[in-house]
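Read through the structure below, which is laid out as structure tokens, and then see the notes.
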Amino acid sequence: MERRTDIADRVIGHLKKIYPKSATASEIARALGIESCSANPWISSLVANRQIEIAGKKGRSSLY
């Protein structure tokens with residue numbers, strides 16, 4: 001099992017790779033090959049720490 005901070009690092013790396021496009025949490029999790037339930041708490045933590053930001057909305061989902 002990987003270290004938990006690796007998930008946060010992978011999320012940030014993926015968002016840097018697709019920038020200036022944005023993605024929903026489920027799209028990020030799918031691209032990283034992890035479950036959304038594992039990615040969502042880390043994405044929320046990254047938003048709270050201001051390492052990533054919400055760029056808009058796609059339906060009811062936030063875009064990061």
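Computed from a prediction, not measured in an experiment: that's the story for all the values here.
For Ile7 against Ser38, the heavy-atom pair with the smallest separation is CG2-O, 4.5 Å. Considering every non-hydrogen atom in both Leu46 and Ala8, the closest pair reads CD1-O, 4.0 Å.
Going from atom CD1 of Ile12 over to atom CD1 of Ile52 covers 7.0 Å, rounded to the nearest 0.5 Å. Atoms OG and NZ, on Ser26 and Lys58 in that order, are 8.0 Å from each other to the nearest 0.5 Å.
No continuous path of ILVMFWY side-chain contacts below 4.5 Å connects Ile18 to Leu63, so the two sit in separate hydrophobic clusters. In this structure, Trp42 is a member of the same hydrophobic cluster as Leu32, with clusters built from ILVMFWY side-chain heavy atoms closer than 4.5 Å.
Using modelled atom types, one side-chain atom of Ser44 and one backbone atom of Asn40 make a donor-acceptor pair closer than 3.5 Å.
Within a 6.0 Å sphere centred on CD of Gln51, other residues, nucleotides and ligands contribute more than 12 heavy atoms.
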Practice prompt. Report the C-alpha distance between Leu15 and Val11 in whole Å, list the side-chain angles of each, state the deciding distance to 0.1 Å, and finish with yes or no for side chain to side chain contact (heavy atoms under 4.5 Å, CB included).
Written response: CA-CA 6 Å; Leu15 291 174; Val11 168; 4.1 Å; yes
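Salt bridge status for Lys21 with Glu27: absent, with no side-chain N to carboxylate O gap under 4.0 Å.
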